[in-house]
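Being a predicted model, the structure only gives us computed values, none of them experimental.
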Amino acid sequence: MRLEKITDDRQRWYDDACGTALAMELMGERWSMLIVRELMFGPRRFGEVRAGLPGISANVLTQRLEGLIESGIATKRHLPSPANVQVYDLTDWGRDAGPLIRQLGHWAARSPRHDRMAFMSPASAMMSLEALVDRDRAVAQDMTIAFRFPADAFVARVDADGLSIRRGEDAGADATFTGDTLALRMTIYGKVPFDAAEGMAVDGDRTLARRFVDLFRLPEKIA
């Protein structure tokens, strides 16, 4: 069968038919994959995306968003009243990259260069939970855990399907963790006691909250 050569006007980094090479062209520029990470849990305003990436300039963020939209990974739309704001979101295809990004994060966390004390956005913290959960243990649990950060909120559901996380509130959650993302890491991965000065405050069923914390471990570092 004769294969037709497809051409476009965009600059190509690699003359390579491998899908991995194309993935690098689509999301390999600096910040692009992290922007996708910030949009993984739903639409965000420009300022909200930038708040999750404090090292990026407004100009670079604009360029990267435009590139992701052009590639079909992201989209821009206007939310109706009462919100009445412009937001960026992932397409269904863009959202399909979630498992790949989580697996890449799990792989990189084994590096001795991984600094768990560095800045982490709320979306990144939630993706770390999805990446580092013990799936075999999670399917035997049944709980809903809420997370309240200074400027964001999420709900984690653990059941026979494993762990799922969405952005939003849940007044009926079994337990609620409140604090910043460093406190989350100290509580979830550092196993500091609830309500410790460096950890998260916890309201609700503490037995289920402890079971939730026990589902997570940082991977062992490479030698």
Side-chain angles (χ1 to χ4, degrees), residues 36-53 77-90 92 94-95 98-99 101-102 105 116 119-217:
V36 173
R37 179 198 72 193
E38 291 302 303
L39 298 176
M40 195 57 67
F41 295 99
R44 299 267 84 187
R45 296 189 299 252
F46 184 93
E48 291 173 328
V49 177
R50 191 177 180 190
L53 302 168
R77 56 192 173 88
H78 198 90
L79 294 182
S81 297
N84 197 33
V85 294
Q86 179 178 279
V87 295
Y88 296 89
D89 200 357
L90 297 178
D92 290 341
R95 198 163 285 108
I101 297 174
R102 289 191 290 271
R116 66 173 184 165
F119 171 83
M120 179 176 272
S121 72
S124 178
M126 292 296 101
M127 286 199 76
S128 81
L129 296 183
E130 292 180 329
L132 298 175
V133 64
D134 185 330
R135 289 172 174 77
D136 292 335
R137 297 179 63 189
V139 297
Q141 302 297 324
D142 185 4
M143 67 183 82
T144 300
I145 306 295
F147 292 90
R148 291 177 181 165
F149 299 107
D152 215 341
F154 296 83
V155 178
R157 176 67 189 156
V158 186
D159 55 25
D161 293 325
L163 171 68
S164 61
I165 299 177
R166 63 175 176 82
R167 178 176 272 115
E169 300 273 358
D170 190 334
D174 296 305
T176 299
F177 289 66
T178 303
D180 59 23
T181 61
L182 180 56
L184 177 141
R185 284 170 278 168
M186 295 301 296
T187 298
I188 300 293
Y189 303 121
K191 310 302 178 184
V192 304
F194 296 153
D195 302 319
E198 66 271 33
M200 299 198 89
V202 177
D203 295 316
D205 190 327
R206 293 191 166 220
T207 298
L208 286 181
R210 290 188 185 94
R211 289 181 186 172
F212 182 82
V213 170
D214 287 343
L215 295 175
F216 304 91
R217 291 286 187 282

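- The ring-ring contact (aromatic ring centres under 6.0 Å, His included) test with Phe147 is passed by exactly one of Phe154, Phe177, Phe41: Phe177.
- A donor-acceptor pair under 3.5 Å links the side-chain atoms of Arg137 to the main chain of Asp214, judged by distance alone.
- Across Asp89 and Arg95, no two heavy atoms sit closer than the pair OD1-NH2, 2.8 Å.
- In terms of heavy-atom proximity, Val158 sits nearest to Ala138 at CG1-O, 3.3 Å.
- Heavy-atom neighbours of Asp92 CG from other residues, nucleotides or ligands within 6.0 Å: at or below the threshold of 12.
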- Task: Test side-chain contact (heavy atoms from CB on, under 4.5 Å) on Arg185 and Met120 and set out the steps.
- Result: CA-CA 9 Å; Arg185 284 170 278 168; Met120 179 176 272; 3.6 Å; yes

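- Put simply, the side chain of Met40 reaches to within 4.5 Å of the side chain of Met127, judged on heavy atoms.
- The backbone N or O of Met200 sits less than 3.5 Å from a side-chain atom of Thr187, completing a donor-acceptor pair.
- Enclosure of atom CZ in Arg167 by more than 12 non-hydrogen atoms of other residues, nucleotides or ligands within 6.0 angstrom is indicated.
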- Check against side-chain contact (heavy atoms from CB on, under 4.5 Å), Asn84 and His78: CA-CA 7 Å; Asn84 197 33; His78 198 90; 3.0 Å; yes

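- Across every non-hydrogen atom of Tyr189 and Ser128, the tightest pair is OH-OG, 2.9 Å.
- Residues satisfying the side chain to side chain contact (heavy atoms under 4.5 Å, CB included) test with Ser164, not counting sequence neighbours, are Arg157.
- With rounding to the nearest 0.5 angstrom, the CE atom of Met143 is 10.0 Å from the CG atom of Leu163.
- To the nearest 0.5 Å, atoms CG (Asp203) and CG (Asp174) are separated by 13.0 Å.
- Between the OG1 atom of Thr144 and the CG atom of Asp142 there is a distance of 7.0 Å, given to the nearest 0.5 Å.
- Under a 4.0 Å N-O distance rule, the pair Arg211/Asp205 does not qualify as a salt bridge.
- One finds no salt bridge joining Asp134 and Arg217 here, because no Lys/Arg side-chain nitrogen approaches an Asp/Glu carboxylate oxygen to under 4.0 Å.
- Using a 4.5 Å cut-off on side-chain heavy atoms (C-beta onward), Glu198 and Leu182 make no contact.
- Summarising the geometry, atom CG belonging to Asp180 is positioned 16.0 Å from atom CZ belonging to Arg148; distances are rounded to the nearest 0.5 Å.
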- Message: Please determine whether side-chain contact (heavy atoms from CB on, under 4.5 Å) holds for the pair Arg37 and Leu53, giving the CA-CA distance in whole Å, both sets of side-chain angles, and the decisive distance to 0.1 Å.
- Response: CA-CA 10 Å; Arg37 179 198 72 193; Leu53 302 168; 3.5 Å; yes

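- When Val202, Ile145, Ile188 are each tested for a side-chain contact (heavy atoms from CB on, under 4.5 Å) with Val213, only one passes: Ile188.
- The CZ atom of Arg77 lies 11.0 Å from the CD atom of Gln86; values are rounded to the nearest 0.5 Å.
- Taking both residues in full, the closest heavy atoms of Glu38 and Ser121 are given as OE2-OG, 2.6 Å, listed atom of the first, atom of the second, then distance.
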- Message: Under the criterion side-chain contact (heavy atoms from CB on, under 4.5 Å), I'd like the reasoning laid out for Arg210 against Phe194: C-alpha separation, chi angles, the key distance, then a yes or no.
- Response: CA-CA 9 Å; Arg210 290 188 185 94; Phe194 296 153; 3.5 Å; yes

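- Remark: Asp152 CG to Glu169 CD distance equals 9.5 Å, nearest 0.5 Å.
- Not a single donor-acceptor pair under 3.5 Å links the side chain of Arg45 to the backbone N or O of Val85.
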